[in-house]
Number of protein chains: 2
Amino acid sequence: MKKIPSAVIPHLSIYYRTILESRKNFLSSEELSKLTYFSPSQIRKDLGYFGQFGIPSKGYDTAKLKRSIEKILGLDRKWDVVLVGVGNLGTALLSYKGFIKQGFYIRCAFDNDKRKIGKKINSIVIQNIKDLERTIRRQNIRIAIIALPKDAVQDIVRRLVSCGVKAILNFAPIRPYVNNKKAAILNIDLSIELERLAYFLKRNT
Amino acid sequence: MKKIPSAVIPHLSIYYRTILESRKNFLSSEELSKLTYFSPSQIRKDLGYFGQFGIPSKGYDTAKLKRSIEKILGLDRKWDVVLVGVGNLGTALLSYKGFIKQGFYIRCAFDNDKRKIGKKINSIVIQNIKDLERTIRRQNIRIAIIALPKDAVQDIVRRLVSCGVKAILNFAPIRPYVNNKKAAILNIDLSIELERLAYFLKRNT
DNA sequence: TAGATTGTTAATCGATTAACAATC
DNA sequence: TAGATTGTTAATCGATTAACAATC
C-alpha cells in the first residue's frame with residue numbers, strides 16, 4: 001500500500017465539509033476545485049490514495065464520497081476525551097459544540113485550583129488533578145486536550161502518556177516532548193499564528 | 001532580494017522563543033537544533049534569508065539574534081486589535097494574556113446579542129455590531145480576531161475589509177473569501193485538527 | 001595556527017500541477 | 001459513438017538536508 005502524504009488528511013477534511021454543504025448528487029473535481037480552491041489534479045490525486053471513488057464523465061457521487069471520507073478519517077465512531085486545565089480557554093472548550101459534532105466527547109476535566117475543583121461546567125464536574133491517572137485508567141481514555149500554562153505542560157504530558165493516552169491536543173506555546181512516539185501531539189500555537197500576522201502586517205501597512 | 005519561503009516565518013517564532021528561554025550568550029546551530037528539533041542546516045538556511053547573524057566557530061549571539069528576529073517579525077511595536085464575537089471562545093480570547101505579550105492589544109469588542117452589549121469584560125465594553133465600521137474607522141484598526149458561528153463569518157469579513165482591516169484571525173471552520181487579497185486571513189481550524197487526530201487514532205489504537 | 005562553525009551551493013525529498021490514456 | 005471526466009504517470013515547484021569552502 002502506498003504511503004499517504006501527511007498533507008492529504010487536512011485536505012480530506014475540507015472536501016468533507018464542502019460535500020456536506022453542497023446539495024448536489026455529483027461533483028466533479030472541477031466543481032470541487034471551485035468550492036475548495038484546491039486544483040482539480042490535487043483533488044483527484046488526494047482521493048486516489050484511498051481508492052477509486054469517481055465515475056469518468058460524471059464526477060464523484062457525493063453521498064458515497066461522504067461515507068468514504070468518514071471511514072478514512074474515523075468520523076464514523078465516538079471518542080472519549082479528557083480535558084486538563086479549566087481556565088478561560090479550557091472553559092470555552094468544555095462548552096464548545098464542535099467537538100461533539102466530530103464525535104469527540106469530553107468525559108472528564110481536571111484542574112489544580114481548589115476553588116474550581118468540584119464545580120460543574122456543562123454537566124462535567126472538575127476533578128482534582130491528583131486523580132488524573134486513576135480516572136483515565138478506569139475510563140480507558142485515549143485522547144487529551146490540554147489548556148494549561150506552558151510551564152505545566154511537559155509534566156502533564158508525561159503523566160498522560162504514562163497512563164495510556166495516545167493523542168494530545170495542546171494549546172500552550174510549547175512543543176512538548178514524548179518518549180518513542182508513544183503518543184501523537186498536535187499543537188495549536190496562537191503565538192506562532194500571531195507572529196505570522198505581525199510579519200505580514202509589518203510589510204503591508 | 002531573495003524571496004522568503006512562507007515556511008520560514010513560523011520557524012523564526014520557534015527560534016525566538018527558544019532564545020528567550022535560554023540563558024546562554026551564544027548558541028550554535030547545533031545547539032539550537034537540540035532545542036528546537038530543526039536540523040542545523042535548516043536553522044542556518046532560515047537565518048540566512050535575513051542576513052549574517054552568526055560568528056564562525058562561535059555560533060549566534062543570542063541577544064543580537066533576539067533583537068533581529070523581533071525586527072523581522074514586527075514584534076518591536078504594538079498593534080491595535082478588534083474582537084468580533086464574544087461567545088465562550090471570544091470571552092476566553094478577551095482575557096488571554098498571550099496577546100499582550102506579543103504586542104496585540106484588543107481595543108474593542110462587538111457582538112449582536114442584546115444581553116451582552118454594554119457589558120464589560122476585562123475593561124472592554126462590548127459594543128453593538130452595527131457600530132462596527134464606525135468604530136474601526138475612527139480608531140484606525142487594522143487587525144481583527146473573529147470568534148463567530150460559521151454562518152456569520154463571510155459577511156463580517158466583508159464588512160471588516162470594507163473599513164480597512166488588513167489581517168484577520170478566524171476561528172470558525174470555514175475559509176472566508178477576500179476580494180483581491182485586500183486582507184490576509186489566518187484560519188485556526190479546530191475541526192481540521194480534530195479530524196487529523198481521529199485519523200491518527202483510527203490506525204494506532 | 002588549528003579547530004569549530006558559519007553561510008551558501010548542490011543534492012534530495014516531498015508535495016503540487018500538467019498531461020493524457022482509460023473509461024463511463 | 002462522442003464528450004466528459006476520471007485515475008495515474010511524468011514534470012515542476014518548493015522546502016529540507018548534505019557538503020564544504022570561507023572565516024573567526
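Lettering follows sequence order; numbering is per chain, from 1. Please read these numbers as outputs of a predicted model, since none were measured by experiment.
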### Query
Counting only N and O atoms by type, is there a donor-acceptor contact under 3.5 Å from the side chain of A:S22 to the main-chain atoms of A:T18?
no
### Query
What pairs of residues pass the salt bridge (charged side-chain N to carboxylate O under 4.0 Å, His left out) test when at least one of them lies in residues 79-100 of chain A, not counting sequence neighbours?
A:D80-A:R107
### Task
Nearest-nucleotide wise, let me know which of A:A7 and B:G51 is further upstream toward the 5' end of DNA chain C.
B:G51
### Query
Can you name the residues that form a side chain to side chain donor-acceptor pair (under 3.5 Å) with B:S191, not counting sequence neighbours?
A:Q102
### Query
Looking only at side chains, do B:N140 and B:R138 share a donor and an acceptor under 3.5 Å apart?
no
### Summary
With five pairs defining each end axis, the helix from C:dG3-D:dC24 to C:dC24-D:dG3 comes out bent, to 10°, by 10°
### Task
Taking side chain to side chain donor-acceptor pair (under 3.5 Å) as the test, write out the residues that go with B:N122, two or more places apart.
none
### Interface limits on DNA chain C, where chain A has a heavy atom under 4.0 Å of a nucleotide atom
C:dA15 to C:dC24
## Note on the structure
So CD1 of B:I124 and OH of B:Y105: to nearest 0.5 Å the spacing works out to 12.0 Å
## Note on the structure
Here the gap from A:I19 atom CD1 to A:L32 atom CG, rounded to the nearest 0.5 Å, amounts to 6.0 Å
### Query
Which pairs count as salt bridge (charged side-chain N to carboxylate O under 4.0 Å, His left out) when at least one residue sits in residues 152-178 of chain B, sequence neighbours excluded?
B:E133-B:R159, B:D155-B:R158
### Within residues 55-65 of chain B: residues closer than 4.0 Å to DNA chain D (heavy atoms)
B:I55, B:P56, B:S57
### Query
Looking at residues 13-48 of chain B, who's got a heavy atom less than 4.0 Å off DNA chain D?
B:S39, B:S41, B:Q42, B:R44, B:K45
#### Entry: salt bridge (charged side-chain N to carboxylate O under 4.0 Å, His left out): pairs with one or both residues in residues 186-205 of chain A, sequence neighbours excluded
A:D189-B:R17, A:E193-A:R196, A:K202-B:D76
### Message
Once salt bridge (charged side-chain N to carboxylate O under 4.0 Å, His left out) is applied, what residue pairs with a partner in residues 43-60 of chain A remain, sequence neighbours excluded?
### Response
none
#### Entry: Partner of B:F110 under side-chain contact (heavy atoms from CB on, under 4.5 Å), chosen from B:V82, B:I126, B:L83, B:I146
B:V82
### A:I143 side, atom CD1; A:I168 side, atom CD1 - distance, nearest 0.5 Å
11.0 Å
### Query
Do any pairs count as a ring-ring contact (aromatic ring centres under 6.0 Å, His included) and have a residue in residues 17-44 of chain B, sequence neighbours left out, and if so which ones?
B:H11-B:F38, B:Y15-B:F38
#### Entry: Stretch residues 185-202 of chain B: residues that reach within less than 4.0 Å of DNA chain C through a heavy atom
none
### Task
For the pair B:T91 and A:N88, evaluate side-chain contact (heavy atoms from CB on, under 4.5 Å) and give the outcome as yes or no after the intermediate values.
CA-CA 8 Å; B:T91 304; A:N88 284 311; 5.7 Å; no
### Query
Without hydrogens or angle criteria, can the side chains of A:Y16 and A:E70 be said to hold a donor-acceptor pair below 3.5 Å?
yes
